[in-house]
Amino acid sequence: MRTAGIDIGSITAKAAIMENGAVLGTRVIFTGYNVEIASRKVYDELLAELDMPGSAVEKIISTGYGRNSVPFAHKAMTEIICHGTGAHFLRNDIRTVIDVGGQDSKAMVVDGSGMVRDFVMNDKCAAGTGRFLEVMARALEVNLDDFGAQSLKAANASRISSICTVFAESEVISLISKGESRENIIAGIHDSVASRVYAMAQRIKASAPIMMTGGVAKNIGVVRALEKKFNTAIEVNEYAQVNGAIGAAVLAARL
Amino acid sequence: MSTPEKDKTRKFRAAKRMREIMTEYYIDAKSAVQTGRKVAWITSGGPVEPLIVMDVIPVYPENYGAMIGASHMGGDLCSKAEALGYSTDLCSYARADIACAIENGGPIGGLPRPDMLICCNNICGTVLKWYEIHARYFNVPLFIFDTPFCHTEFPEIARRYVRSQLDEYVSFLEGVCGRPFDLEKSREVGALSLQGQRLWQAVLDTAAHRPAPMTAFDAFFFLALIVTLRGTKTVVDFYQELLAEMNERIDRGIWAIPNERYRLLWDNLPVWYRLKWLSETFEAHDACLVADTYTTAWCGSMKYIDENNFFDSMAEAYTRIYLNIGIDEMVKTIYTMIDKYEVDGMVMHSNRSCKPYSFGQYDIQKMIQEHKGIPCMVIESHMTDERSFSESQTATRIDAFMEMIKQKKG
């Protein structure tokens, strides 16, 4: 049975197509202004890449913030359940999933059968999200993709004490003017994100093995900072960013 | 979504009657100057019975706050209060109410001017400053009824302290009204208050039926009378009528959520400006909010009332209300509710406006998950300030929470 998962996030739209428990392909594009068009586009592009007609896919589940604006999906489910299912699919002993996306961060506790037992989301604040990192990258004039690697070169991570994105940005600017190195500031920013996410995950008694998903999982600096906080290795799968879409495709097979 | 036909049967007959009573009540209050009666503004958890005895019309800025919230005027009024210098961290009832008083705005053309203010701090500490502001602004006498916090017990020293204030309260009322307090009438009012509370509890208890004939959203609406007119016959008659209607619904099989599959418990004040949206969002999951800690608070301390000595026992009953007790006591109340209403999960409103209600929620959540094994979710908001509500975030949380419950329960 062929199924698809479409995950429409605030920044990127993701699609995954699966067949009998194997991932056939995935795709990521920018969501842009029109969610409906983005969902169609990411799915069509993936179908084209796999040289597959739409009729070859039996069931589709949509997820993410735009989940209710995907007209061709058979069902919409939240990214919380989808990320839990996706992580369990990729590694079935995972007990905690940390998903840091564009506009929010979440932690989920998953049981042995992949069911989400508890979850927590960031409150109405961009701190601890991908957006926070974007703002900081702009302030530091660094490409976001280089953020992770640069922070690993830091001698001493700066301390960013403010938890508000706007205030933290001015804190970063004042660190720049004091002559603090870019690497140290970036490492400090990663520590700040990690602290927020760690504190949040503690609320639901996060336990190892831990997997990180979502776009921010691509940032090695944040992953390392989180590993230090949790005092354990954090699994980052090659499918981290499309994990929600994979989870949706896995769930679609159960429809 | 339900069909118009269904909506017709699901509408409560009593709702019309309640609107009439509330309209009459506000007309009475607003024409008090003409009729020669006095108006007291009082906090929602304050001892209202002595005011009823003295024929003073009690007016509740908090009830008005709910009205402001429900009519989506909270955000604007809060901005006005902020322009006057009040912090955004302050309770949104306080901000909206202060703005209304000073700007002379708000629903129903504002509240009638008070002749006195009665502030009981059993619900929070904010009310002290809030009422002091009003006392200065309106230049009217303020009576502060101080109820010490009861972590677990109500010690004798607290009893004596609070009881002595009841005498001071009576003297204060006699002074402002210029006539003596009628003890005989006090007994009658006490009996009616207790009867009203018992009936309100009986109404809420009908939701223990599976499926439930009412939801917490209905309770948020029907609550107004037990808050405002406690101690009057109007309240007793009304809740008798409402109780009969609930029982009739059970007999006829009219359920609040037609396909009720999941039963939830709500904690904290409602999000007044999002009642309809929240109610529809939960209904779309076949989930019924069968009970809540908020509306239960107006009958929650009945156990401390001595029916043969209402006046004296008010000291304990008003001190040991839900918001004036420790977390261990709160959680006991919640455990009882979880069992009584057979709930599958708990929805907590982390309400930035109401600190005493929201502080400790995460601990309570942990205790519930450990002892009762039911999932809990948190919605973040302000009860009256709609500027702080994020629909898509809240929707994702509710949807994920319901998906989790469905996975668990099947």
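Order of the sequence lines sets the chain letters (A, B, ...), proteins ahead of strands, with each chain counted from 1. Here the structure is a predicted model, which is why all the values come from computation and not from measurement.
- When the shell of 6.0 Å around NZ of A:Lys228 is examined, it contains 12 or fewer heavy atoms from other residues, nucleotides or ligands.
- Nearest heavy-atom pair across A:Thr78 and B:Thr396 is CG2-O, 3.6 Å.
- Heavy atoms of other residues, nucleotides or ligands lying less than 6.0 angstrom from OH of B:Tyr335 number more than 12.
- The CD1 atom of A:Ile81 sits 11.0 Å away from the CZ atom of B:Phe401 when rounded to the nearest 0.5 Å.
- For B:Lys276, the NZ atom sits in a loose shell: 12 or fewer heavy atoms of surrounding residues, nucleotides or ligands are nearer than 6.0 Å.
- Within the model, atoms CE of A:Met108 and CE of B:Met404 stand 11.5 Å from one another, a figure rounded to the nearest 0.5 Å.
- Using modelled atom types, one finds no donor on one side chain facing an acceptor on the other under 3.5 Å when comparing B:Gln393 with A:Asp104.
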In residues 3-16 of chain A, what donor-acceptor pairs under 3.5 Å come from side-chain atoms, sequence neighbours left out?
unit_1: A:Thr3; atom_1: OG1; unit_2: A:Ala249; atom_2: O; d: 2.8
unit_1: A:Ser10; atom_1: OG; unit_2: A:Gln103; atom_2: N; d: 3.4
unit_1: A:Thr12; atom_1: OG1; unit_2: A:Lys14; atom_2: NZ; d: 3.0
unit_1: A:Lys14; atom_1: NZ; unit_2: A:Thr12; atom_2: O; d: 3.2

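- For chain B, the nearby parts of A:Met77 are the backbone and the side chain; heavy atoms of each come within less than 4.5 Å.
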Under 3.5 Å donor-acceptor pairs involving side-chain atoms of residues 32-39 of chain A, not counting sequence neighbours:
unit_1: A:Asn34; atom_1: OD1; unit_2: A:Glu36; atom_2: N; d: 2.9
unit_1: A:Asn34; atom_1: OD1; unit_2: A:Ile37; atom_2: N; d: 3.0
unit_1: A:Ser39; atom_1: OG; unit_2: A:Glu36; atom_2: O; d: 2.7

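- Atom CZ of B:Phe359 is surrounded by 12 or fewer heavy atoms from other residues, nucleotides or ligands within 6.0 Å.
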Identify each donor-acceptor pair in which a side-chain atom of residues 67-76 of chain B lies under 3.5 Å from a protein atom, sequence neighbours left out, and give them as a table.
unit_1: B:Ser71; atom_1: OG; unit_2: B:Met67; atom_2: O; d: 2.6
unit_1: B:Ser71; atom_1: OG; unit_2: B:Ile68; atom_2: O; d: 3.3

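- More than 12 non-hydrogen atoms from other residues, nucleotides or ligands lie less than 6.0 angstrom from CZ of A:Phe72.
- A 4.5 Å side-chain heavy-atom check between B:Glu403 and A:Ile80 finds every atom pair outside the cut-off.
- Only the side chain of A:Arg67 comes within less than 4.5 Å of a heavy atom in chain B; its backbone stays farther off.
- A distance of 7.5 Å separates CD of B:Gln407 from CG of A:Leu251, quoted to the nearest 0.5 Å.
- Counting non-hydrogen atoms of other residues, nucleotides and ligands closer than 6.0 Å to NZ of B:Lys340 gives a total above 12.
- At a heavy-atom separation below 4.5 angstrom, chain B is approached by A:Arg203, A:Lys205 within residues 202-218 of chain A.
- Residue-environment remark: CZ (B:Arg261) stays at or below the threshold of 12 foreign heavy atoms within 6.0 Å.
- When the candidates B:Gln369, B:Gln365, B:Met377, B:Met402 are compared by the number of heavy-atom contacts under 4.5 Å with chain A, B:Gln369 comes out ahead.
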